[in-house]
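Structure below; questions to follow.
Atoms considered below: every heavy atom in the structure, side chains included; atoms not considered: hydrogens, waters and symmetry mates. Below, chain A is the first sequence line, B the second, and so on; all start at residue 1.
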Amino acid sequence: MNYWLVKSEPDVYGWTHFIEQGKAVWDGVRNYQARNNLKAMQLGDQVLFYHSVTNIGVVGLAKVSKEAYPDPTSPDDLRWVVVELEPVMALDKLVPLSQIKAEPLLENLSLIRQSRLSVMPVRADEFELILKMGQISNG
DNA sequence: GCCAACGTTGGC
DNA sequence: GCCAACGTTGGC
C-alpha cells in the first residue's frame with residue numbers, strides 16, 4: 001500500500017465534482033516527475049485530494065481504481081499517462097496548507113518542499129497524521 | 001493582482 | 001551543453 005497526494009484547482013475540478021461523478025480520470029498531467037508518480041500508483045493505493053489556489057488544503061480521501069494507462073487526451077504523444085481515482089470519504093474538516101506548514105512532523109512533505117509538483121508520494125506516517133488532522137481517526 | 005519558483009524552449 | 005527568455009503554477 002502506497003500513499004499519494006494529488007492537487008486540483010477546485011474551480012477547475014474540485015472535490016464536489018469528484019463526488020458527483022463518483023470517479024475521475026486523472027488526465028492532463030504534463031510533468032515528468034508527476035507522470036512517474038502516476039505510473040507508480042497501484043490499485044487500491046490511498047490518495048489525499050488537495051485543493052490548490054482557492055480553499056487551499058486537503059479535503060478528502062480517494063483511492064486508485066485503475067492503474068496508469070496512456071492519456072487519451074494526448075493520443076499522439078505517448079509520454080503521458082492517466083490513472084483513475086474514486087472517492088473514499090471527505091475529511092470531517094479541511095486540513096489547510098497553513099496548518100500543514102505549521103506542523104513540524106510534516107516539514108518534509110513534498111507539498112512543502114516542491115510546491116509546484118501536482119502528484120506526489122506521501123509517507124504512511126504523514127498520511128495518517130493528515131487524516132487525523134482532518135478528524136478521520138481510522139483511515 | 002503580484003511575484004517567486006521552476007520547468008521548458010530555443011539560440012548560440 | 002549552457003543559459004536567457006518565457007510560460008505556468010500556486011501561495012499570498
Restricting to salt bridge (charged side-chain N to carboxylate O under 4.0 Å, His left out), what partner residues turn up for A/Asp45, sequence neighbours left out?
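With neighbours one apart ignored, the set is empty.
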Contacts of type salt bridge (charged side-chain N to carboxylate O under 4.0 Å, His left out), residue A/Arg113, not counting sequence neighbours
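Not a single residue meets the salt bridge (charged side-chain N to carboxylate O under 4.0 Å, His left out) criterion with A/Arg113.
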If you look only at distance, which donor and acceptor atoms sit under 3.5 Å apart when one is on a side chain in residues 9-26 of chain A and the other is two or more places apart or in another chain?
from	atom 1	to	atom 2	distance (Å)
A/His17	ND1	A/Gly14	N	2.7
A/Gln21	NE2	A/Lys23	O	3.4
A/Lys23	NZ	A/Glu84	OE1	3.2

Stepwise side chain to side chain contact (heavy atoms under 4.5 Å, CB included) check, A/Trp4 with A/Leu48
CA-CA 6 Å; A/Trp4 309 93; A/Leu48 297 170; over 6 Å; no
Only counting residues at least two apart or in another chain, list the ones meeting salt bridge (charged side-chain N to carboxylate O under 4.0 Å, His left out) with A/Glu67.
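Once residues adjacent in sequence are excluded, A/Glu67 has no partner under the salt bridge (charged side-chain N to carboxylate O under 4.0 Å, His left out) criterion.
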Go through residues 25-32 of chain A and report each residue with a non-hydrogen atom lying under 4.0 Å from DNA chain B, sorted by number.
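Heavy-atom contacts with DNA chain B come from A/Asn31, A/Tyr32.
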Contact check, side chains of A/Ile112 and A/Glu107, non-hydrogen atoms, under 4.5 Å:
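They are not in contact (no side-chain heavy atoms under 4.5 Å apart), so the answer is no.
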Got a sec, which residues hit side-chain hydrogen bond (donor to acceptor under 3.5 Å, both in side chains) with A/Asp92, two or more places apart in sequence or on another chain?
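side-chain hydrogen bond (donor to acceptor under 3.5 Å, both in side chains) check on A/Asp92 returns nothing, list empty.
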Below 3.5 Å, can you tabulate the donor-acceptor pairs from side chains in residues 52-59 of chain A to any protein atom, sequence neighbours excluded?
none

What's the verdict on side chain to side chain contact (heavy atoms under 4.5 Å, CB included) for A/Arg30 and A/Arg35, showing C-alpha distance, side-chain angles and the deciding distance?
CA-CA 7 Å; A/Arg30 297 290 181 269; A/Arg35 187 279 312 267; over 6 Å; no
Share the residues that join A/Leu43 in a hydrophobic cluster, the rule being Ile, Leu, Val, Met, Phe, Trp or Tyr side chains under 4.5 Å apart at the heavy-atom level.
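Via sub-4.5 Å side-chain contacts, A/Leu43 links to none.
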Looking at A/Arg79 and A/Asp71, is any side-chain nitrogen of the basic one under 4.0 Å from a carboxylate oxygen of the acidic one?
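Result for this pair is no, no salt bridge flagged.
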For A/Asp125, check side-chain contact (heavy atoms from CB on, under 4.5 Å) against everything at least two apart and list the hits.
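With sequence neighbours excluded, A/Asp125 shows a side-chain contact (heavy atoms from CB on, under 4.5 Å) to A/Arg123, given in chain and number order.
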Contacting residues from residues 91-101 of chain A, given that a heavy atom lies under 4.0 angstrom of DNA chain C
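Contacts with DNA chain C under 4.0 Å: A/Leu97, A/Lys101.
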Using a heavy-atom cut-off of 4.0 Å to chain A, what are the terminal contacting nucleotides of DNA chain B, in 5' to 3' order?
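From 5' to 3', the first and last contacting nucleotides are B/dA5 to B/dT8.
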Using rotation axes that map the C1' atoms of four end pairs onto the next four (five pairs an end), what angle separates the end axes of the helix from B/dG1-C/dC12 to B/dC12-C/dG1, to 10°?
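Between the axes fitted at each end of the helix from B/dG1-C/dC12 to B/dC12-C/dG1 lies an angle of 10°.
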